[in-house]
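A short write-up of the structure that comes next.
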Amino acid sequence: FNIYVDVVGGVKGIRDTQCGFKLFTRRAAQLVFPLQHVERWSFDVELLYLAQRAGIPITEVPVQWMEIAGSKLSIVKATINMMTDMALMRYKYSTGIWTFQIPDSIRITVAHPADPEATKSHPLSF
C-alpha cells in the first residue's frame with residue numbers, strides 16, 4: 001500500500017499516511033485545507049500531497065495507538081475506495097483538472113517536534 005501511495009498518490013517518504021493523527025500549524029492548515037478536493041478515506045493523502053508540493057515540512061512522530069474493538073470498517077472496501085480516490089486525485093492534478101497555487105511571498109514558520117525551540121521559515125513556491 002505504501003508503494004501505491006508513493007507512486008500513484010504522489011506522497012513521498014511517509015510511512016503511515018493513514019494514521020489517525022495529523023497535526024498542522026495554523027498557517028499550514030490555512031494554506032492546505034482550502035485546496036483540498038477529496039472528501040473520503042484518501043483525504044489525508046491529498047493533504048500530504050499538497051503539503052509536500054507546497055514545501056511544507058512533514059515529520060512523522062510515533063504515537064501510542066489503542067484500537068477499539070467493534071469497528072464496522074471493511075478493510076477491503078476501504079482499500080479499494082482509497083486506491084480509486086488516489087488514482088483519480090493523481091489523474092486530476094496531472095491533467096490540470098485540479099490545480100492549486102500558493103503565492104511565492106507566503107512564508108510559514110514550523111517548529112520541529114523534537115526541538116520545539118527550533119523554528120525554520122520555509123518559502124512556499126512551485
Side-chain angles (χ1 to χ4, degrees):
F1 189 77
N2 287 344
I3 293 170
Y4 190 86
V5 171
D6 185 305
V7 174
V8 177
V11 175
K12 309 293 181 197
I14 305 294
R15 288 181 289 151
D16 190 358
T17 59
Q18 298 315 116
C19 172
F21 294 108
K22 302 288 184 294
L23 302 174
F24 293 82
T25 62
R26 176 179 290 140
R27 191 67 187 130
Q30 289 171 337
L31 293 171
V32 175
F33 278 87
L35 303 173
Q36 180 184 7
H37 297 281
V38 177
E39 297 179 355
R40 296 191 323 166
W41 288 105
S42 292
F43 79 93
D44 40 9
V45 173
E46 184 185 17
L47 288 173
L48 292 167
Y49 173 81
L50 291 167
Q52 284 186 339
R53 295 303 166 277
I56 297 170
I58 299 170
T59 301
E60 289 187 272
V61 178
V63 295
Q64 189 170 34
W65 185 266
M66 222 155 101
E67 194 67 38
I68 298 174
S71 173
K72 300 200 183 349
L73 172 73
S74 165
I75 297 295
V76 173
K77 287 181 184 179
T79 301
I80 291 169
N81 286 338
M82 289 172 54
M83 294 175 92
T84 301
D85 285 349
M86 280 187 271
L88 287 170
M89 179 191 86
R90 186 63 178 248
Y91 170 76
K92 290 180 179 185
Y93 279 117
S94 64
T95 60
I97 294 171
W98 290 350
T99 61
F100 60 95
Q101 292 197 354
I102 299 173
D104 290 341
S105 61
I106 295 177
R107 298 178 86 74
I108 62 169
T109 301
V110 179
H112 189 280
D115 183 8
E117 301 301 317
T119 59
K120 296 193 295 187
S121 182
H122 297 274
L124 300 178
S125 60
F126 298 97

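Everything numeric here is computed off the predicted structure, so don't read it as measured data.
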_Just to verify, what does F24 make a ring pair (Phe, Tyr, Trp, His ring centres under 6.0 Å) with, not counting sequence neighbours?_
F33
*Nearest heavy atoms of V7 and R90, plus distance in Å*: O-NH1, 3.2 Å
_Using every non-hydrogen atom in the two residues, find where F43 and V38 come nearest and quote the distance to one decimal._
CB-O, 3.4 Å
*Residues in ring pair (Phe, Tyr, Trp, His ring centres under 6.0 Å) with W98, at least two apart?*
H37, Y93
*Verify the cluster assignment for V45 and I75: are they in a single hydrophobic cluster under the rule of side-chain heavy atoms below 4.5 Å apart?*
yes
*Kindly give the cluster partners of I80, where membership spreads through any ILVMFWY side chain lying under 4.5 Å from a current member.*
V76
_So, using side-chain contact (heavy atoms from CB on, under 4.5 Å) as the criterion, who are the partners of T95 when residues are at least two apart?_
Y91, I97
_Which atom of K22 lies closest to which atom of T17, heavy atoms considered_ = NZ-O, 2.8 Å
*Can you name the side-chain contact (heavy atoms from CB on, under 4.5 Å) partners of D16, sequence neighbours left out?*
Q18, C19, E60
*Under the salt bridge (charged side-chain N to carboxylate O under 4.0 Å, His left out) test, which residues partner K12, sequence neighbours left out?*
D6
*Atom pair CD/CZ of E46 and R53 - distance to nearest 0.5 Å*: 11.5 Å
*Distance-minimising heavy-atom pair for I58 and A51*: CD1-CB, 4.1 Å
*Look at the side-chain heavy atoms of Ile, Leu, Val, Met, Phe, Trp and Tyr, link any pair under 4.5 Å apart, and say whether M82 and L88 land in one connected group.*
no
*Quick one: list whatever passes side-chain hydrogen bond (donor to acceptor under 3.5 Å, both in side chains) with Q36, sequence neighbours left out.*
none
*side chain to side chain donor-acceptor pair (under 3.5 Å) contacts touching residues 74-86 (sequence neighbours left out)*: R40-D85
*Which pair of heavy atoms, one from P34 and one from A29, lies closest together, and at what distance?*
CD-O, 3.6 Å
*asked:* Let me confirm one number: the CG-CD1 distance from L31 to I56, rounded to the nearest 0.5 Å.
replied: 5.5 Å
_Nearest 0.5 angstrom please: M86 CE to Y49 OH, how far?_
13.5 Å
